[in-house]
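Here is the structure we will look at, set down as structure tokens.
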Amino acid sequence: MIVERIEPIALRLPFQRQGGADALHLVLCRVTTRSGAVGYGECLCLRPALQRSLMATIRDAITPIYLGKPVADRERLNRDVRLRLTAFGRSGTILNALAAVDTALWDIAGKEAKQPLSALLGGARRDRVPVMASLDRYNDARTVTARIERALASNVAAVKVHEFDLDIIEGVRKQIGPAMPFVADCNHVHTPAEVRASLARWQALGLQFLEDPAWPPETWLDSPALPQVTIGLGADLGSAEQMAVYGRAPAVGVLQPDVCMIGGVTEKRRAIALIEPLGVSISPHSPFIGPAGLATLHFLATMKQPTCYAVVEAEPHMDMYGNGLTRWQPDLAVPTAPGLGFDPDPDYLKRHTIEL
């Protein structure tokens, strides 16, 4: 099968949310072969400015390398893009755009083989994946409490907050109880010294892991392990080799490969194979509601240890598949149809596509 057409698709999904943005901005990618096979991929986007840059990168930088090439060469093509464009960085927008095309080719390959992506990755070990409710950042204890109440009412398996205020995080732990798996993502707000200064409070939280607690993350490479606090990071890393460097750091106990930021299914598969022998836990980053989310579900189905899929705060109308990927619930079914398992609903794409 030969790649004939690559189409980046900009979507704007309006929502009702207290404060902040009034819409979620996505970038999908549709790849069509000469034989008419179609596959879909996705970039990590969220914001309008990033949407425009990702659309341009797919069109102008990535597409010319792929047109006329066989789908079967997808792993070599992924490496070719990295080598040709390495001067522009080994993480970030280039690899995020690459991921959308790469994932679409894996979708096509699975459809051609009449196998789900999980089978191409080595075979599913489970048919359902537990759900972690992943809250937006609110910086407001009352709002967080209300959102946690909704998550608990949905019977999710775990909770994740994007807060850096220890008072708010401690309040969440009290609300959910001591047994529920709990992740706090600080988005690099603190310094390592600040984390150590409050170490006893972090320890008392009993976190599954503390995600991106401090800036710069390179600090953890030569830091000793924090007693009773597991550091998780890696969602912004762009290669398997970068993942392995952090996987050898004593302070890092969880690595979080993101199928978009690492450059697609091809590199995420390499990353997991490279870091599994290092003895760190793997918790794939999953802030997605489209093809990247489906790809992540397939990876979670194949991993040795059960790990949650983090479902972001979304609304029912944002579900482009009808499979519940945008809904807080106890668990999610792993798709079993060929490729990613679902294609986006054409009417959904028509309603939400915008011209850029």
Side-chain angles (χ1 to χ4, degrees), residues 44 124-138 141 143-166 168-187 201-213 226 228-235 252-259 272 280-289 292-315 318-319 323-334:
L44 178 60
R125 298 170 183 263
R126 57 194 64 85
D127 58 9
R128 302 193 71 85
V129 171
V131 165
M132 173 185 288
S134 180
L135 278 67
D136 291 344
R137 178 186 290 180
Y138 293 102
T143 304
V144 172
T145 296
R147 302 304 292 167
I148 291 293
E149 286 178 359
R150 179 180 170 186
L152 295 177
S154 302
N155 294 316
V156 295
V159 166
K160 174 178 176 177
V161 296
H162 291 81
E163 304 289 340
F164 58 86
D165 186 325
L166 254 172
I168 294 177
I169 298 171
E170 288 169 334
V172 173
R173 172 49 92 189
K174 182 177 180 180
Q175 184 179 3
I176 66 176
M180 176 169 278
F182 180 31
V183 174
D185 183 349
C186 297
N187 293 121
R201 294 177 69 185
W202 291 114
Q203 290 171 332
L205 287 166
L207 295 172
Q208 183 176 347
F209 59 94
L210 177 59
E211 182 175 343
D212 291 335
L226 297 179
Q228 301 173 52
V229 176
T230 300
I231 301 295
L233 51 74
V252 178
V254 177
L255 288 173
Q256 299 176 269
D258 180 304
V259 72
I272 289 175
V280 295
S281 297
I282 303 172
S283 181
H285 196 236
S286 58
F288 312 113
I289 63 171
L294 296 180
T296 302
L297 273 178
H298 284 283
F299 272 104
L300 292 171
T302 66
M303 290 173 54
K304 293 178 181 178
Q305 298 298 323
T307 303
C308 288
Y309 181 91
V311 175
V312 297
E313 291 198 63
E315 297 175 7
M318 294 181 178
D319 188 346
N323 71 331
L325 196 60
T326 62
R327 189 173 72 249
W328 288 346
Q329 56 192 304
D331 53 31
L332 274 166
V334 177

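What's counted below: heavy atoms across the whole structure, side chains too, no hydrogens, waters or symmetry copies.
A side-chain contact (heavy atoms from CB on, under 4.5 Å) with Cys308 holds for exactly one of Pro130, Ser286, Pro284; it is Pro130.
For the atom pair CG of Leu297 and CG of Leu325, the computed distance is 6.0 Å after rounding to the nearest 0.5 Å. Summarising the geometry, atom CD1 belonging to Ile272 is positioned 11.0 Å from atom NZ belonging to Lys304; distances are rounded to the nearest 0.5 Å. Annotation: the span from Gln256 atom CD to Leu233 atom CG amounts to 7.0 Å, rounded to 0.5 Å. Rounding to the nearest 0.5 Å gives a distance of 8.5 Å between CG of Asp165 and CD of Glu170. Considering OG of Ser281 and CD of Gln208, their distance stands at 8.0 Å, rounded to 0.5 Å. If you take OG1 on Thr296 and CZ on Phe288, they are separated by 5.5 Å, rounding to the nearest 0.5 Å.
When every heavy atom of Gly324 is checked against every heavy atom of Asp319, the shortest pair comes out as N-OD2, 2.9 Å. Closest approach of Ser154 to Pro330, counting heavy atoms only: O-CD, 3.6 Å. For Pro213 against Ile231, the heavy-atom pair with the smallest separation is CG-CD1, 3.7 Å.
Annotation: side-chain hydrogen bond (donor to acceptor under 3.5 Å, both in side chains) contacts of Arg128 (sequence neighbours excluded): Asp331. Not counting sequence neighbours, the partners of Val334 by the side chain to side chain contact (heavy atoms under 4.5 Å, CB included) test are Val129, His298, Ala301. Applying the side chain to side chain contact (heavy atoms under 4.5 Å, CB included) rule to Asp127 yields no partners; only residues at least two apart in sequence or on another chain are considered. Considering only residues two or more places apart in sequence or on other chains, Thr230 meets the side chain to side chain contact (heavy atoms under 4.5 Å, CB included) condition with Phe209, Val254. Every residue meeting the side chain to side chain contact (heavy atoms under 4.5 Å, CB included) condition with Pro287, not counting sequence neighbours, appears here in chain and number order: Leu44, Asp258, His285, Val312.
Distance alone, capped at 3.5 Å, places no donor-acceptor pair between the Ser134 side chain and the Met132 backbone. Between the side chain of Glu163 and the backbone N or O of Val161, no donor-acceptor pair lies under 3.5 Å. Side chain of Arg327 to main chain of Val311: no donor-acceptor pair is present (N/O by atom type, distance under 3.5 Å, no hydrogens or angles). Of the possible polar contacts, one joining the Arg126 side chain to the Met303 backbone as a donor-acceptor pair under 3.5 Å is found. Side-chain atoms of Glu313 come within 3.5 Å of backbone atoms of Asp136 as a donor-acceptor pair (strictly under, hydrogens ignored).
By the 4.5 Å heavy-atom criterion applied to side chains, Arg147 and Val144 are not counted as neighbours. Phe299 is not listed as a side-chain neighbour of Tyr309, based on a closest heavy-atom distance of 4.5 Å or more. Within the 4.5 Å cutoff, side-chain heavy atoms of Asn323 are placed close to those of Leu294.
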Acceptor/donor pairs from residues 172-186 side chains to any protein atom, 3.5 angstrom cut, sequence neighbours excluded:
unit_1 : atom_1 : unit_2 : atom_2 : d
Arg173 : NE     : Leu205 : O      : 2.8
Arg173 : NH1    : Gly177 : O      : 2.7
Arg173 : NH1    : Met180 : O      : 2.9
Arg173 : NH2    : Met180 : O      : 3.4
Arg173 : NH2    : Leu205 : O      : 3.2
Arg173 : NH2    : Gly206 : O      : 3.0
Gln175 : NE2    : Thr145 : O      : 3.0
Asp185 : OD1    : Asn187 : N      : 2.9
Asp185 : OD2    : His162 : NE2    : 3.4

